[in-house]
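A quick write-up on the structure given underneath.
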Amino acid sequence: MITPISNAESLQIGSVDFVSPDEIKITLDLDAPNDVALNTGVPRPFPRINSYVLISGEGGFLVSQIEWITIERSQFPKRRGMQDFGVLDLPYPLRKMSVIPLGVLKESIKDNDTAYRFARGIETFPTVGDPVLLPTQSQLKAIIESGDNRRVNIGISPLAGNAVVSVDPDRIFGRHLAVLGNTGSGKSCSVAGLLRWSIEAAKKHQDSPNTRFIVLDPNGEYTNSFKGLANVRVYGAEPDKSQGIKQLVVPMWLWNTAEWVAFTQASGKAQKPTLVQALRCVRDGQFEVNLSDSVMVRRYLRTLITISLLEKNAGSPWGHFPQNKNFYLKLQSWRKGLEPSDTYDEKGKNALGNLNKHIDDLLNARSGQYPQYDFSKSEIDQLIDLLRNAHQAFGGMETDVLPIDADIPRPFTGEDFLRSIEANAEMMGTTDYIETMLMRVKTLISDAKLKPVICPENGITLDGWLDEYICPSNNKDGSITIIDLSLLPAEITHIITSVMARVTLEVLQRYRRQEKGETLPTILVMEEAHTFIKKYNSDTENENATAMCTKVFEKIAREGRKYGLGLVLSSQRPSELSPTVISQCNSFLLHRLSNDKDQELVGKLVPDNLRGLLRELPSLPSRNAILLGWASELPVMVRMNYLEEKYRPKSDDPEYWDVWTKNDRVVNWNTVASRWQDYAEANSNSDDEEDENNG
């Protein structure tokens, strides 16, 4: 390792005047540049806030970033020699600046070529009097372009001689990225550009790159942003062939218990247990048509066993009133559903007869003018044993008695789900308590606008859905899936977003297990993240859709990296984001932020000695951003690459003056109103026409 001394005199601009671990003060020479430096190979503005200087030391150059510049009035001028001693002493301004130490730039010479490599961290601090130098063009390039695998070019650094700023995809996507900035700061263009430039960079190494991006787009901005790239698929609540938007399908059987509870607002005492048991039964196929009587009664018995075990574990039916009377009413309902049939075999008839006799004995013992509804533990244990015997007599197995997972994504129809809720409510004695929940489910299923989304007429399988929305199994070109959420009703948007994000994580978890540790790298992009990943009060908002959606993204932020799922968040209000999610983001691309709370939050993301760069956030022009975190060796100002207008997200500011003065906007509400009002009829007519053509 060689200590750099060449050209030191011509590049020296001052000397160290004060040293501390987080700040170094420098006194500039009288002949140091006042505006533009001409001695670095190319003209360069100097001095400039947040630009770089070097301090020569033992192990190389200490790279520092300028934090502030000032003038200090000196009592005496800086003398150059004996010839100045006859000059009258007058107060003289000395220029000083404060710099923040960042790391070390080491020099190596190989085959007469000089190379530099930047590394974060400081081994030895300078001392007072050490020379301070301007970096050359090659040194600036080494500082900004430091790090390995910088494969994706995202822009240039205007403060570092327009050095190219590139990132490593493994770093910027692998540990989650947050793109933050006010409206109009270029945030959406940066997100679209990052995805497009990453795919284009991958194409230079592989003709058909195996990339996977899923963009959750609540405003419908990204429909045209990726045209020209392979395998771009756009889905929306209302398909539009002219825009290339296909029908979005997120079937209701993909929803898990938490999502159903959040949508129905099910209460914890009666509605939620009924809903969970209904999901178990309908996913088990208990309400399928064309089932034999034996299969029907076997599944019915299994449900009764599950309910009995749940009652027992909850402390009833021998608990205090009204649980004991409720169980009596349940037994009456069960007895009606266990009527014998001539189609049963002899073994089944005998087992069912013994069960019915015991239930009749339990009911008769509690009839009369002043009944006592208490049940003993032995009576209930005997009931469960007889239920098990009858279940096995009809072909059931002991392992079948264990309740099925209510979240297994097995297909079912809306009608079957309603029947399951009603039947289980009757068996559990909660019919009087589920009316509001049942009404919400009926409203959801009968909504003409939502029906194509959650209840598609053409059945779709789980593997077919994953192939369509997550990753095509027979396509090596990779994919970009855009989910346009803009026309979904507000009450369902958070649910659909949650399902998409959760299923993506869960399928990648199962893929890794199947492939023995291999991952399928996928990037999930969430626009307007402050709406869907909003911080919530865990005491009062535990079950609503917003909190539930946030919890899904919190899990992705904590665990997604292990399964190959990267997260890209885009938000204009970072102070409203979940603290858990924002703390798990290791890279940040910060555009203009003017809100005090947002600036305060962002300031906490970087060490105290690097916050000087963030002071520029309120005044950053469009396209300019600050890249910091895991994706960059040091915080750097970036002017993002130009994104062609045809690829920009549809988030431009309204052109009020042009519209006012040109008067070239034709207003015809008929088409809009017709599609809005007659959406269900239009869908029905198109389906009828398709059936006629197929017929």
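Residue numbers run from 1 in the order of the sequence given. Here the structure is a predicted model, which means the values were calculated and not measured.
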Taking salt bridge (Lys or Arg N to Asp or Glu O under 4.0 Å) as the test, write out the residues that go with R502, two or more places apart. E259, E506

Output, in order, the C-alpha distance, side-chain angles, deciding distance and verdict of side-chain contact (heavy atoms from CB on, under 4.5 Å) for T274 and Y433. CA-CA 10 Å; T274 305; Y433 306 101; over 6 Å; no

To check you understand the geometry: which heavy-atom pair defines the closest contact between K650 and N224, and what is its length? CE-ND2, 3.3 Å

Can you check side-chain hydrogen bond (donor to acceptor under 3.5 Å, both in side chains) on S578 and T550, steps first, answer last? CA-CA 7 Å; S578 161; T550 300; over 6 Å; no

Backbone N or O of P169 within a donor-acceptor pair of the R151 side chain at under 3.5 Å? no

To the nearest 0.5 Å, what is the distance between NE2 on H494 and CG on L485? 10.0 Å

Show your working on side-chain hydrogen bond (donor to acceptor under 3.5 Å, both in side chains) between E527 and S570 and close with a plain yes or no. CA-CA 5 Å; E527 258 289 349; S570 175; 3.2 Å; yes

Only one of L444, T443, T436 passes side chain to side chain contact (heavy atoms under 4.5 Å, CB included) with R440; say which it is. T436

N586 side chain to Q584 main-chain N or O, any donor-acceptor pair under 3.5 Å? yes

For the atom pair NZ (K562) and CD (Q509), what is the distance rounded to the nearest 0.5 Å? 8.5 Å

Taking S420 for the side chain and A278 for the main chain, is one N or O donor matched with an acceptor at less than 3.5 Å? yes

How far apart are the C-alpha atoms of L577 and L601, what are their side-chain angles, what is the distance that settles it, and do they pass the side-chain contact (heavy atoms from CB on, under 4.5 Å) test? CA-CA 10 Å; L577 287 170; L601 175 77; 5.8 Å; no

Check each of T522, I556, T519 against L508 using the side chain to side chain contact (heavy atoms under 4.5 Å, CB included) test, and report the only one that passes. T522

Is the number of heavy atoms from other residues, nucleotides or ligands under 6.0 Å of E518 CD greater than 12? no

Over all heavy atoms of both residues, which pair between Q572 and L593 is shortest? Give the atoms and the distance, please. O-CD2, 4.4 Å

Between the side chain of T481 and the main-chain N/O of Y469, is any donor-acceptor distance below 3.5 Å? yes

Judged by atom type as modelled, is there a donor-acceptor pair below 3.5 Å linking the side chain of N153 to the main-chain atoms of G155? yes

Roughly how far apart are I533 CD1 and I582 CD1, rounded to 0.5 Å? 9.0 Å

Using only atom types and a distance under 3.5 Å, with no angle test, would you say the side chain of S188 pairs donor to acceptor with the backbone of P649? no

Which of these, V581, L524, L180, V525, sits in a side chain to side chain contact (heavy atoms under 4.5 Å, CB included) with L569? V581

Rounding to 0.5 Å, atoms CG (N424) and OG1 (T431) come to a distance of 10.0 Å

R513, CZ atom: more than 12 neighbouring heavy atoms under 6.0 Å: no

Could you grab the distance from atom OG of S166 to atom CH2 of W197, nearest 0.5 Å is fine? 11.0 Å

Is there a donor-acceptor pair closer than 3.5 Å between any side-chain N or O of R561 and the backbone N or O of R175? no

Test side chain to side chain contact (heavy atoms under 4.5 Å, CB included), reference W253, set L462, T413, I454, output is L462

Only one of V167, I172, D168 passes side chain to side chain contact (heavy atoms under 4.5 Å, CB included) with D170, and that residue is D168

In terms of side-chain heavy atoms, does R573 have a donor or acceptor partner in S571 at a distance below 3.5 Å? no

Testing the 3.5 Å rule here: is there a donor-acceptor pair between the side chains of D407 and T257? yes

Minimal non-hydrogen separation, H591 against G186, with atom names: CE1-O, 3.6 Å

Can you tell me how far the OG1 atom of T211 sits from the NZ atom of K203, to the nearest 0.5 Å? 8.5 Å

Nearest heavy-atom neighbours spanning W260 and M252: CH2-CE, 3.3 Å

What's the verdict on side-chain contact (heavy atoms from CB on, under 4.5 Å) for E515 and L520, showing C-alpha distance, side-chain angles and the deciding distance? CA-CA 10 Å; E515 299 299 325; L520 190 69; over 6 Å; no

Side chain to side chain contact (heavy atoms under 4.5 Å, CB included), paired with M526, selected from V568, T497, V191: T497

Plane angle bin for F417 and F412 - parallel if under 30°, tilted between 30 and 60°, otherwise perpendicular: tilted

Looking at H176 and L567, would you say the former's side chain and the latter's main chain have a donor-acceptor pair under 3.5 Å? yes

Which atoms form the tightest heavy-atom contact between A545 and I495, and what is the distance? CB-CD1, 4.0 Å

Whether K535 side chain and S575 backbone form a donor-acceptor pair below 3.5 Å: yes

Residues in salt bridge (Lys or Arg N to Asp or Glu O under 4.0 Å) with R171, at least two apart? none

Taking every non-hydrogen atom, the tightest pair across K442 and S446: O-OG, 2.8 Å

Quick one, L195 with V215, criterion side-chain contact (heavy atoms from CB on, under 4.5 Å). Give me CA distance, side-chain angles, the key distance, then yes/no. CA-CA 10 Å; L195 272 57; V215 182; 3.9 Å; yes

Checking D484 against S486: is there a side-chain donor and acceptor pair closer than 3.5 Å? yes

Please assess K597 against E576 for the test salt bridge (Lys or Arg N to Asp or Glu O under 4.0 Å), listing each intermediate value before the final yes or no. CA-CA 9 Å; K597 289 185 178 180; E576 296 181 4; over 6 Å; no

Can a donor-acceptor pair be found between the side chains of S479 and R212 at a distance below 3.5 Å? no

Using only atom types and a distance under 3.5 Å, with no angle test, would you say the side chain of R196 pairs donor to acceptor with the backbone of L229? no

